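Inspection log for the structure reproduced underneath, given as structure tokens.
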Amino acid sequence: MDLVLSRVAKNFGGLRAVFDVSFTVKKGTIFGLIGPNGAGKTTVFNLITGVYKSDEGSIHFGSHNLGPLKPAQIARAGIARTFQNIRLFSQLTVIENLLVACELQKRAHLAAAILRLPVYYEDENTMHGRAMDLLRVFDLDGVADEPSTSLPYGNQRRLEIARAMMLEPKLLLLDEPAAGMNYGEAEGLKVQIRWLRDTFDLSIVLVEHNMQVVMGVCEDIHVLDHGETIAHGTPEQVRTHPKVIAAYLGEDNSEFNTDGSAA
């Protein structure tokens, strides 16, 4: 299913956070949403996921009009996200952080849990197995029973992505997943993003400041500045766009190597 934003706007009092933003994320695309700090990128994520309601315009995901829906209904429609600031459950273990995201997939109702019916145990075993499979994907299975906050920062970022994947999304929104990662970790993240898209038949929208990741993994990029669109295109088109260079990359293109990675 395609994600379609049409002339979306959001104001906070007298502050115009997003204005007249339109773009389409085609099914199966790895899509980049970039811009300088304060450009409105996370606000767009919050509008898509129902945290905020747009003042103007519309947001559709396939046949779903997301405007009237609550965040839980949007998650049920197949959209999951991570956050700019890590939001793990600090009192829970690594695997427990994944298991809290299983409610949409469980078949057992409250009565089955209270009475400990077979369907309850089947659910528990299925969800535990799925959680361990995802932890293996992100190389976190060895710390499954450790407190989530004991993990290094980069691993906490990967744990957030794994938790979002427990929702079995069709569209995954990643808000600065490479923050705090070194070069090698960021390279590994690029491989994991492509693998997730191909293996689970996902569309992925990536908000990211790490140009090594953006230019290396995104196929289509939309650029915001002060809440408005300034460019849209392929990584090569965006990397050489004069407005992007001025607003986001500085006055010249020297920040990038010829392959699009950060210099």
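All of these numbers come straight from a predicted model, not from anything done at the bench. Computed from heavy atoms alone, side chains included, the values below leave out hydrogens, waters and symmetry copies.
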Are side-chain heavy atoms of [X] and [Y] found at a separation under 4.5 Å?
X      : Y      : value
Ile161 : Pro177 : yes
Glu56  : Lys10  : no
Arg158 : Met181 : yes
Phe200 : Trp195 : yes
Glu168 : Arg130 : yes
Thr49  : Leu173 : yes
Val223 : His241 : no
Leu171 : Val205 : yes

Can you tell me if [X] uses its side chain to pair, donor with acceptor, with the backbone of [Y] under 3.5 Å?
X      : Y      : answer
Glu208 : Ala178 : yes
Asp225 : Ile230 : no
Glu146 : Val143 : no
Glu160 : Thr82  : no
Ser150 : Pro147 : yes
Asn11  : Gly13  : no

Can [Y] be reached from [X] by stepping across I, L, V, M, F, W or Y side chains whose heavy atoms are under 4.5 Å apart?
X      : Y      : value
Ile86  : Val94  : yes
Met132 : Leu98  : yes
Tyr153 : Leu92  : no
Val51  : Ile48  : yes
Phe12  : Leu224 : yes

In terms of heavy-atom contacts, does [atom1] of [X] have more than 12 from other residues, nucleotides or ligands at under 6.0 Å?
X      : atom1 : value
Arg194 : CZ    : yes
Asp139 : CG    : no
His226 : NE2   : no

What is the distance from atom [atom1] of [X] to atom [atom2] of [Y], rounded to the nearest 0.5 Å?
X      : Y      : atom1 : atom2 : value
Met165 : Leu135 : CE    : CG    : 12.5 Å
Met1   : Ile79  : CE    : CD1   : 7.5 Å
Leu202 : Lys170 : CG    : NZ    : 10.0 Å
Asp141 : Leu134 : CG    : CG    : 11.0 Å
Asn97  : Ser148 : CG    : OG    : 4.5 Å
Ser203 : Asp2   : OG    : CG    : 7.5 Å

Listed pairs under 3.5 Å, donor-acceptor, residues 26-33 side chains, sequence neighbours left out:
unit_1 : atom_1 : unit_2 : atom_2 : d
Lys27  : NZ     : Asp201 : OD1    : 3.2
Lys27  : NZ     : Asp201 : OD2    : 3.0
Thr29  : OG1    : Lys26  : O      : 2.9

Sequence neighbours excluded, which residues qualify as side chain to side chain donor-acceptor pair (under 3.5 Å) partners of Glu228?
->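 Side chain to side chain donor-acceptor pair (under 3.5 Å) check on Glu228 returns Arg16.
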Apply the test ring-ring contact (aromatic ring centres under 6.0 Å, His included) to residues Phe45 and Phe83: give CA-CA distance (whole Å), side-chain angles for both, the deciding distance (0.1 Å), then the verdict.
-> CA-CA 9 Å; Phe45 267 23; Phe83 293 87; 9.4 Å; no
Evaluation steps, side-chain contact (heavy atoms from CB on, under 4.5 Å), between Val8 and Ser22 | CA-CA 7 Å; Val8 172; Ser22 300; over 6 Å; no
Would you please name every residue forming a ring-ring contact (aromatic ring centres under 6.0 Å, His included) with Phe89, sequence neighbours left out?
->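 Testing Phe89 for ring-ring contact (aromatic ring centres under 6.0 Å, His included), a comparison that skips the adjacent residues, returns none.
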Would you check, one step at a time, whether the test side-chain contact (heavy atoms from CB on, under 4.5 Å) holds for Leu159 with Leu88?
-> CA-CA 8 Å; Leu159 177 57; Leu88 298 175; 3.8 Å; yes
For Val25 and Phe23, what are the C-alpha separation, side-chain angles and deciding distance, and is it a side-chain contact (heavy atoms from CB on, under 4.5 Å)?
-> CA-CA 7 Å; Val25 180; Phe23 59 77; 3.8 Å; yes
